Each structure stands twice: as C-alpha cells, then as structure tokens.
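Here's the structure we're looking at; comments come further down.
Everything numeric in this text was worked out from a predicted model, so none of it was measured.
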Amino acid sequence: MSEKNRHLTGKEIRAIAKENKRVMKSLEAYKNRKANEAEYLAHLSDQNNILEIDNLHTYFFTEQGVVKAVNGVSFDIPKNSTVGVVGESGCGKSVTSMSVMRLLQGPVGQIYSGSIRFASKEADGSEKIYDIAKMPINEIHRIRGNQIAMIFQEPMTSLNPVFTIGQQLDEVTFIHKPQATKADAKAKSIEMLNLVGIAMPERVYASFPHELSGGMRQRVMIAMALASDPRLIIADEPTTALDVTIQAQILDLLRDLKNKIDGSIMLITHDLGIIAEMADYVVVMYAGRVIEKGTVDEIFHNPMHPYTIGLQKSKPTLDSSSDTLFNIPGNVPNPINMPDYCYFKERCSQCTYACSGKYPEMIQVSPTHFVACHLYDKERENG
C-alpha cells in the first residue's frame, strides 16, 4: 500500500489528536482574548480597496490530520465592484467567505494565520481599517451583519421555520440598532422587502418560510442582508437552488442593489456564465489556493492557467461541435498533507518536469492579471 493511501496507526492518531488539541487550545485562547483596538487596527495596501485578503490560512483540525482548506489565499475587493470567486467544489471558496465572516465552527475550524483587512465606516463617518483575522470574537459584531452581510446558499435551511419572515427581519434591526422600537424595525423590514421587489411586503412579512417559493425566500435573504446597510455583500452561490428564470431575476436584483447601496459584492459560484455577466474581477481557486486572478476580460479572453482553460472548455456553448462536454480528468486532491509541488499536476495535460518541483509562485502578467503556473516561469525571468 502506498504511503499516501495507507491507514493511520493508533499511535499516529493519538499523536495527531494531541498536537491538534494543543494548537486548537492556543488558537481558541487567542480568539477569545481581551484586546485593545490597536491590536487589530491595520492599513490597506491600496485605498481603493474595501477588503484585502492577504496570505490567509484556514485549517480544520481532524483526527486524520490538518485539512488546509484555505492555504495562502490572497486577493482584493475594490470599492464599488463585484469580485467573482470560481472553482470546483472543495476548492475553498465558501471557507474563505466563512473566514471573512468569522463563522468557522470552532474549535475544529480556525483561522491559522494571515490578514483580512476591511475598511469599516464608523458612526461618525470616518473610516477605520480592521484586521478581521486578528479581532477578538466578541468584537466581530462591529463588522459581521452590520458592515459585511452574507447571502447564504440555501434559503430554506438559513431561515428559521418556526418564526415569521417579519420576526427574522426585525431581529437584524434590533441587533444592530438596539435603540430601535418595534415600529421602527417593522418599517425597516417592509422597506427592505420593497427594495428587493416583493409585491406584497405586508403579506410576506407575516408569512412563514415554507409559505414562500424558493425565489421569494432568496429575496428575503437578500433583504435581510441589506437591512443594516452593509458596505460588502458576500453572496455564496445565491442562485444554486433556483430555476433559470428566477436566477436571472436575482442576478438583476443584485446588480441593481450594488449601485443603490454604493457597495461591493463578493460573488461565489460554479457558473462561469454568471461570472461573465456579473463580475468586474475574477479569482480562480483550486485546492485552497488562488491559481489565477484578473479582470473579467483577462480571465475570459486570455485564460492562462490550464485549470482556468479547462473550466471554460467544460462550459456548454451554442456553437459546440461535440455532443459530449469536455471534463477535467480526476478530482480535487485530498486537502490533508498536500504535496509541495503544483496541486493540479496530476490532472494537467500540459504538465512539465518543473511541475514536480516547488509549488509555482504567482506571476504578474499585467497590472491586474496574475497566474501561478510553471508554464510561465520564463516570462517571469524575462520580467
């Protein structure tokens, strides 16, 4: 049996558990510490950005080993823009968004290292830069749900079935504006339901989640995300459970709302068609790393990484001459004990001798286009 596929012995499992317990205890203590604000204040590398993710590592400590779900991810979200994050299931898209929201299930899931710098707008109109990765968990309410809101993938599991839509929308106002009265909260909730295009907001306000269609529930989730006037909306596959017609309506709604709230959107999806329609910038992830990033035109008209090219070839088109869709062979590798060489090596049709060496560094192709692939090592050497 190969070293990669062999079973762990009882001694190895106990050693892993002991080390995991030590690391998790340390990270939990850091997360729950009392800290002065100065400890988690930061500076943006570019004042035009609203969020900067810098060398983020998010790990899950399991009995089989450390799952490096996010393994050195870096990308920026500029102000008033939409950044699409794309990749196969298991590549780290949702874990990255959960890290930004600090919704990782501890003590198993932890931000191990890295920075998440966010430009927060304070009550007096000034701007402060917080490093979300370093904030104590009892201070994250300054950001989560207030300045950064999230639209989850499946609204039926995200909405509480025993409370009305109105009760759940009102709760957002009560949490972030404790001085608000019940009348204030209801007025805000009705306003948000109107904003997302719900025709009979009073009726929906009094309804339970199961009484609404999938599209209506997703609109309610968007209304809930907007209730606190966020600067950044994270949409985690917001159209996955919807039919094509409703998908188009939700995407149009998100596009209009971005302009109305003067904010930014981080859009996570598998659908390259949605990315092409919605995004200004694209981040392509694979096995917990960013393998290519750039503007939407650069990624679609000049894809450079073999994985990005494969994703585009696997998308059905009207002028396709073949009856069968192209598929990338193999699967995303197990994120435990990842190798030092390129993670895509085993699935790549353009693999070279260099791919067995050190993991490729990010190469800058243009001011906004970056790729991590040994195929372009000569271009890097030539500047």
Side-chain angles (χ1 to χ4, degrees), residues 89 93-94 97-98 100-105 140-141 143-230 232-258 260-261 263 265-271 274 278:
S89 295
K93 305 184 303 295
S94 293
S97 68
M98 289 294 188
V100 174
M101 294 293 289
R102 293 293 295 273
L103 288 174
L104 297 166
Q105 187 65 48
I140 200 63
H141 63 84
I143 304 295
R144 185 170 62 204
N146 184 19
Q147 304 263 354
I148 305 177
M150 190 165 184
I151 303 168
F152 292 94
Q153 186 169 347
E154 175 49 69
M156 194 61 203
T157 57
S158 302
L159 293 167
N160 194 320
V162 301
F163 292 106
T164 65
I165 297 300
Q167 289 172 320
Q168 297 182 64
L169 277 169
D170 290 350
E171 185 181 17
V172 179
T173 303
F174 289 137
I175 288 173
H176 298 293
K177 298 179 181 177
Q179 73 280 7
T181 64
K182 178 138 183 85
D184 294 335
K186 182 175 181 180
K188 182 67 174 179
S189 298
I190 296 296
E191 178 190 346
M192 291 298 103
L193 291 174
N194 270 314
L195 184 64
V196 298
I198 291 178
M200 294 180 286
E202 290 280 357
R203 181 177 175 181
V204 171
Y205 181 88
S207 300
F208 286 90
H210 70 272
E211 298 178 291
L212 305 179
S213 67
M216 292 283 274
R217 286 194 294 265
Q218 192 61 282
R219 288 175 185 267
V220 168
M221 290 298 298
I222 295 171
M224 195 175 294
L226 295 172
S228 58
D229 302 317
L232 174 65
I233 297 173
I234 299 175
D236 188 359
E237 301 190 39
T239 61
T240 298
L242 307 177
D243 62 68
V244 176
T245 305
I246 303 301
Q247 279 187 25
Q249 293 177 9
I250 295 298
L251 293 175
D252 288 340
L253 174 62
L254 285 173
R255 192 184 298 106
D256 293 340
L257 289 174
K258 181 177 78 72
K260 286 181 180 178
I261 67 173
I265 296 177
M266 176 179 169
L267 178 63
I268 297 170
T269 182
H270 292 97
D271 194 329
I274 291 175
M278 292 285 295

Self-check item: Side-chain touch P209/N160, heavy atoms, less than 4.5 angstrom
Solution: no
Self-check item: Distance-minimising heavy-atom pair for S207 and L212
Solution: CB-CD2, 4.1 Å
Quiz item: What pair of heavy atoms forms the shortest contact from S189 to G166, and how long is it?
Solution: OG-O, 4.5 Å
Quiz prompt | Separation of M224 CE from T173 OG1 (nearest 0.5 Å) | solution = 10.0 Å
Quiz item: Quick one: does E237's side chain get under 4.5 Å of K93's, heavy atoms only?
Solution: yes
Self-check item: Rounded distance (nearest 0.5 Å) linking atom CZ of R217 with atom CD of E211
Solution: 11.0 Å
Quiz item: If every non-hydrogen atom of N194 is compared with every non-hydrogen atom of P201, which pair is closest and at what distance?
Solution: OD1-CG, 3.6 Å
Quiz item: For the atom pair CE (M221) and CG (L159), what is the distance rounded to the nearest 0.5 Å?
Solution: 5.5 Å
Quiz prompt | Minimal non-hydrogen separation, Q168 against F163, with atom names | solution = NE2-O, 3.0 Å
Quiz prompt | Any side-chain heavy-atom pair of L267 and P238 under 4.5 Å | solution = yes
Self-check item: Contact check, side chains of L193 and E202, non-hydrogen atoms, under 4.5 Å
Solution: no
Quiz item: For the residue pair M101 and G145, what are the closest heavy atoms and their distance?
Solution: CE-N, 4.3 Å
Quiz prompt | Distance, nearest 0.5 Å, that separates CE of M192 from CD1 of I222 | solution = 12.5 Å
Quiz prompt | Nearest heavy-atom neighbours spanning I265 and L254 | solution = CD1-O, 3.7 Å
Quiz item: With no hydrogens and no angle check, is any side-chain donor or acceptor of D184 less than 3.5 Å from a backbone partner on T181?
Solution: yes
Quiz item: In terms of heavy-atom contacts, does CZ of R255 have more than 12 from other residues, nucleotides or ligands at under 6.0 Å?
Solution: yes
Quiz prompt | Check against side-chain contact (heavy atoms from CB on, under 4.5 Å), I233 and L226 | solution = CA-CA 8 Å; I233 297 173; L226 295 172; 3.4 Å; yes
Exercise. For the pair R144 (side chain) and R102 (backbone), establish whether a donor and an acceptor sit closer than 3.5 Å, ignoring hydrogens and angles.
Key: yes
Practice problem: Just do the side-chain contact (heavy atoms from CB on, under 4.5 Å) check on L232 and Q147 with the steps written out, would you? | Solution: CA-CA 7 Å; L232 174 65; Q147 304 263 354; over 6 Å; no
Quiz item: So does Q167 have more than 12 non-hydrogen atoms from other groups sitting under 6.0 Å from CD?
Solution: yes
Exercise. Please round to the nearest 0.5 Å and tell me the distance separating atom CD of Q218 and atom OG of S158.
Key: 8.0 Å
Practice problem: Check the pair K188 / L169 against side-chain contact (heavy atoms from CB on, under 4.5 Å), numbers first and verdict last. | Solution: CA-CA 9 Å; K188 182 67 174 179; L169 277 169; over 6 Å; no
Quiz item: For F174, does the CZ atom sit with more than 12 other heavy atoms under 6.0 Å from it, leaving out its own atoms?
Solution: yes
Exercise. Identify the residue among I234, I148, D236 that makes a side chain to side chain contact (heavy atoms under 4.5 Å, CB included) with M266.
Key: I234
Quiz prompt | Test log, rule side-chain contact (heavy atoms from CB on, under 4.5 Å), inputs T164 and F208 | solution = CA-CA 4 Å; T164 65; F208 286 90; 3.7 Å; yes
Quiz prompt | E171 CD to I175 CD1 distance, which is reported to the nearest 0.5 Å | solution = 4.5 Å
